[in-house]
Protein chains: 2
Amino acid sequence: MKHNKLDDLNCSIANALDLIGEWWTILILREAFFGTCRFEDFQHHLGIARNILAARLRKLCDNGVLKRVPIKEGAKRHEYKLTSMGRDLYPTLIALTQWGDRWLHEEGAPVRFIERATGDDIADVAIRTKQGRELDARDLALIPGPGATDETRERLHLLQLAWEKHNGGSR
Amino acid sequence: MKHNKLDDLNCSIANALDLIGEWWTILILREAFFGTCRFEDFQHHLGIARNILAARLRKLCDNGVLKRVPIKEGAKRHEYKLTSMGRDLYPTLIALTQWGDRWLHEEGAPVRFIERATGDDIADVAIRTKQGRELDARDLALIPGPGATDETRERLHLLQLAWEKHNGGSR
DNA sequence: TTCATTAGTTGCAATATGCAACTAAATGTG
DNA sequence: CACATTTAGTTGCATATTGCAACTAATGAA
């Protein structure tokens, strides 16, 4: 599909999805987090069509999420490794995994994440204040950030008014 | 595309993407978190084709991420509201937003999330141990969970061996 | 040198999406 | 209560994306 509308939307989710939102891309990244780095291995583990895989890997490299590096010094073959930009998606991927674990795998998670050094389980990813207080979705408000366009400001302002109308009086 | 291979994969990400991984779905959910709940409003804000929107909303409702509720007592018109399953995607969405903010909006985030009651900024979503210690992607290991199939166990075992071969000696 | 493996590319068939016009019911208005 | 308008979709067709399988070219191992 054509998402030519997305890249100029003033929204980080839309912009992020422009890079990693296509079918397969997230699964390719999951594989990368699992340690897969060769074309054939991605193809084999995911069962993805080879042309699609090639296209997705190219796009991820072009955008700096993955990098192509020689397998060893001087080799012509290369492998795909996560960049720091790519590794920085780990919280997102784990949050999504935990959601799937909670709601789609009541018999228990297929995979557990632990700290390698200690064996400690990781906690559920949560939204917190900078002081560490955990927040519920409904405790949040959205306000324009430094990169907000006038349109975004307008939108968020209307949002705030709508919220006040609904909840402002009854509190 | 047909992802008939995904739903039987023993992987929460694949299973989650089966529900919410299609183009537009995440943006529809973002809108829902912004407070949008009517068909026409989703359509107008996103510029999505009406038939696709109808299909996505139906799927999200069928799977319990959204629910259709009457606009008011006894009304025949309805609106789409996040269920608790849907609200539980907030950490994932915010993690993705923050990733986009960091890597695609160096001029600053379009939107800031704050705690409504206090105005406090929220922290970057991070992976932590249950004790609250923050972890890097590379500190993690994956082990089979209670819902792991034999295939998953085998896969994770090979992963562990590969890791030891690479890093085990040099530590 | 020879052969298997790896990493793709190409062409075509099957699917999914975008667009715009159409439908039908619910609601607001006089 | 009748009528116009808004809302929430559906339908059909053109376009774009994906899947599949066969093909190619280069590497690397024996």
Side-chain angles (χ1 to χ4, degrees), chain A residues 1-9 14 17-29 31-32 35-62 66-81 162, chain B residues 1-9 14 17-29 31-32 35-62 66-81 162:
Chain A
M1 50 241 81
K2 270 195 6 212
H3 285 279
N4 37 12
K5 283 157 198 152
L6 293 192
D7 50 351
D8 60 294
L9 274 181
L17 291 176
D18 240 14
L19 302 195
I20 60 160
E22 277 157 310
W23 260 130
W24 290 118
T25 299
I26 306 267
L27 290 170
I28 290 169
L29 290 171
E31 277 300 313
T36 299
C37 48
R38 302 286 289 269
F39 187 93
E40 295 295 323
D41 293 332
F42 283 111
Q43 203 280 319
H44 178 248
H45 285 306
L46 294 171
I48 181 177
R50 305 174 72 81
N51 51 350
I52 304 301
L53 176 58
R56 295 290 174 274
L57 289 173
R58 182 166 31 240
K59 181 168 177 179
L60 288 169
C61 288
D62 287 350
L66 295 178
K67 61 189 168 195
R68 278 174 131 220
V69 295
I71 288 172
K72 48 188 175 184
E73 186 61 37
K76 290 289 179 59
R77 297 268 164 98
H78 50 263
E79 50 188 16
Y80 296 93
K81 301 279 238 177
Chain B
M1 52 239 76
K2 270 195 10 212
H3 286 279
N4 38 12
K5 283 157 199 152
L6 293 193
D7 50 351
D8 59 296
L9 274 181
L17 290 176
D18 240 16
L19 302 195
I20 60 160
E22 277 158 310
W23 260 130
W24 289 118
T25 299
I26 306 268
L27 290 171
I28 289 170
L29 290 171
E31 277 300 313
T36 299
C37 49
R38 301 288 288 269
F39 186 95
E40 295 295 324
D41 293 333
F42 283 110
Q43 204 280 321
H44 179 247
H45 286 306
L46 294 172
I48 182 177
R50 305 175 72 82
N51 49 350
I52 304 300
L53 176 59
R56 295 291 174 274
L57 289 173
R58 182 166 30 239
K59 181 168 177 179
L60 287 169
C61 288
D62 286 350
L66 295 179
K67 61 189 167 192
R68 276 174 133 220
V69 295
I71 290 172
K72 49 188 175 183
E73 187 61 36
K76 288 292 178 63
R77 296 268 165 99
H78 50 265
E79 51 188 13
Y80 296 93
K81 300 281 238 176

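Letters A, B, ... mirror the listed sequences (proteins, then strands); counts begin at 1. The structure presented is a predicted model; accordingly, all values stated were derived computationally and were not measured.
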Requested in this report: Could you pull out all residues at least two apart from A:Arg50 that satisfy side-chain contact (heavy atoms from CB on, under 4.5 Å)?
Outcome: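 With neighbours one apart ignored, the set is A:Phe39, A:Glu40, A:Gln43.
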
Taking 4.0 Å as the cut-off, does a side-chain nitrogen or oxygen of [X] come that near to OP1 or OP2 on [N]?
{"X": "A:His44", "N": "C:dT5", "value": "no"}
{"X": "B:Trp24", "N": "C:dG18", "value": "yes"}
{"X": "B:Tyr80", "N": "D:dT7", "value": "no"}
{"X": "B:Arg68", "N": "D:dG9", "value": "yes"}
{"X": "A:Arg58", "N": "C:dT9", "value": "yes"}

Between [N] ([atom2]) and [X] ([atom1]): distance, integer Å:
{"X": "B:Asn51", "N": "D:dA16", "atom1": "CG", "atom2": "P", "result": "16 Å"}
{"X": "B:Phe42", "N": "D:dT7", "atom1": "CZ", "atom2": "C1'", "result": "14 Å"}
{"X": "B:Lys59", "N": "C:dA16", "atom1": "NZ", "atom2": "P", "result": "10 Å"}
{"X": "B:Ile52", "N": "D:dA14", "atom1": "CD1", "atom2": "C1'", "result": "14 Å"}
{"X": "A:Arg38", "N": "C:dT6", "atom1": "CZ", "atom2": "P", "result": "7 Å"}

Query raised in the report: Which letter, B, S or -, goes with each nucleotide of nucleotides 22-30 of chain D from 5' to 3', with contact meaning a protein heavy atom under 4.0 Å?
Result: ----BBS--

**Report entry** Divergence of helical axes at both termini of the helix from C:dT1-D:dA30 to C:dG30-D:dC1 - five pairs an end, 10° steps
**Finding:** 30°

Query - Position toward the 5' end of DNA chain D (nearest nucleotide), A:Arg56 or B:Ala55 - result: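 This one resolves to B:Ala55.
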
